[in-house]
Number of protein chains: 2
Amino acid sequence: MSRKDYHKGNVREGLIEAAERVLHDEGLVALSLRRVAREVGVAPSAVYNHFKNREALLAAVAADGYRQIAELELAAYSGQSKSAAVVRGVARDYLHFAAANPNLYRLMFSHDVVGYRSDPELGQAGDRSFGISVDWWYGSGSYDPGQTALEYPYAMSVWAILHGLALQMIDGLVTMDLSKRESVDKLADTVMDIFLEGASLGLVDK
Amino acid sequence: MSRKDYHKGNVREGLIEAAERVLHDEGLVALSLRRVAREVGVAPSAVYNHFKNREALLAAVAADGYRQIAELELAAYSGQSKSAAVVRGVARDYLHFAAANPNLYRLMFSHDVVGYRSDPELGQAGDRSFGISVDWWYGSGSYDPGQTALEYPYAMSVWAILHGLALQMIDGLVTMDLSKRESVDKLADTVMDIFLEGASLGLVDK
DNA sequence: GCATAATGTGAACATTGTTCATATTCTTCC
DNA sequence: GGAAGAATATGAACAATGTTCACATTATGC
């Protein structure tokens, strides 16, 4: 082994970045531990010095995704009054994130792959993103991670419909151009109209 | 090779049944092609006489799931007037299905694993289940698979919120007992109240 | 009855996640 | 400065997986 075969820099960070790149460009199927190691120029076994196993590496990537969503929520929610316009704005931003990072978005919610509750960092990042929404709907400081989501029905409902919509969109169930801002906006607006005004409006017997 | 080493019966059906059993009991991770072959008592290569590859086998399982949902929708929708009570009923049934078959439900919507649009049988089964909902909201015969889902905003919104809610539930984001009918019903009712009446009710500036 | 299609077998291959013994480098303390 | 020990790297090995291949057996149709 020659001296230059060794890496000094921040390998852990490099692994995450490489994983994010492969995930974005080629999807979860291509995201093997060995592939990521190859990408960074390191032996497969070296990965285990930084992550417990493949799942832990994926969890780190997913946690990064939750942090991005939390940022997006903070920007849209913080200091805003409880108006429908704010909800509409968050919906747009949320869908834009999913449209720009479909594979990352899918991974974040593949709880059978990444074990949401088993990785503390991941669970924490997820809770935080939900908590931001709860605090807006129910008042700052309302969120308690120990409580069940049922305690926050508005925040839970918003997230449910946004998540379902995002999946429908990135899985191609809605025919549209994911790269067009206007298409994504229109989708968000159409569904949020119904959600905010109430689906009863579409019924005969209300 | 002796004569009795050969299988005569319907191997294809046996493979699907075994796959459904393994999926239900042990999850997608355990659902390997070789495992299913072992379960049926057949060589791994024999599977390729009945399915193009592993993905096609999974797609057949997923298609079965969509047919179950279609049945459930038919039972709840057919001949019913457009009332909120019907929507609430479908929501309960939908969540009950997801609660009883969490792994199957996840697989059905893992479009990166099963390739929703690449398998014709799967796409058709999925379209049918969506079509039943569309026909109820917009009148029998309204559904056209060539149209984008955006043409049917009510059907799309309902499905989005139910799907998001189902995932939240089976992934344990809502603390509850999945086997208790009342728990599932309460979750469905709480969220459908908001969806039907409009989330604006929770806002200050409506 | 026989050609042929359908369906089965086992061996082989590349790839994957993971572990292990071992080698190199970094850090820290004297 | 230099030695001890923690971090971090390596390559070899293992079992398991999806898939293909040459070939054997059974079923079907003329």
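Residue numbers start from 1 in every chain, and the chains themselves are labelled A, B, ... in the order their sequence lines are given, proteins ahead of strands. Just so we're clear, the structure is a prediction, and the values are computed from it rather than from any experiment.
- Whole-Å rounding puts the B:Y48 OH to C:dA11 C1' distance at 15 Å.
- Taking atom CG on B:L33 and atom C1' on C:dT16, their separation rounds to 16 Å, with Å as the unit.
- Rounded to an integer number of Å, the gap from A:K52 NZ to C:dT18 P is 8 Å.
- With rounding to whole Å, A:F51 atom CZ is found 14 Å from D:dT8 atom C1'.
- Residue B:N10 contributes atom CG, which lies 13 Å from atom C1' of C:dA6 at whole-angstrom precision.
- When each of D:dA9, C:dG8, D:dA13 is scored by its nearest atom to the side-chain atoms of A:R34, the top-ranked nucleotide is D:dA13.
- Here D:dA9 is the nucleotide among D:dA9, C:dG8, D:dG18 with the atom lying nearest to any side-chain atom of A:V42.
- The separation between B:L31 atom CG and D:dT17 atom C1' is 13 Å, rounded to whole Å.
- Contact annotation: A:S32 side-chain N/O to C:dT16 OP1/OP2 distance is under 4.0 Å.
- Here D:dT17 presents its P atom at 5 Å from CZ of B:R38, a figure rounded to the nearest Å.
- Evaluated for a ring pair (Phe, Tyr, Trp, His ring centres under 6.0 Å) with B:H163, the options B:Y105, B:Y94, B:F130, B:F97 yield exactly one hit, B:Y105.
- Regarding A:R35, its CZ atom lies at a distance of 13 Å from the C1' atom of C:dT15, rounded to whole Å.
- The neighbour count for A:Q147 CD, taken as heavy atoms of other residues, nucleotides or ligands under 6.0 Å away, is above 12.
- For the pair A:V134 and A:W159, the minimum side-chain heavy-atom distance is 4.5 Å or more.
- Among C:dG10, D:dT19, C:dG8, the nucleotide with an atom closest to any side-chain atom of B:N49 is C:dG8.
- Proximity of the aromatic rings of A:Y66 and A:F109 is defined here by a centroid distance below 6.0 angstrom, and this criterion is met.
- Residue A:A43 places its side chain closer to D:dT10 than to any other of D:dT10, C:dT7, C:dT18.
- If you check every strand for non-hydrogen atoms under 4.0 Å, B:R12 touches nothing.
- For the pairing with A:Y154, the ring pair (Phe, Tyr, Trp, His ring centres under 6.0 Å) check across A:F195, A:W136, A:W137 returns one residue only, A:W137.
- At the phosphate of C:dG8, OP1 or OP2 sits under 4.0 Å from a side-chain N or O atom of B:H50.
- Nearest to the side chain of B:S45, among C:dG10, D:dT19, D:dT10, sits C:dG10.
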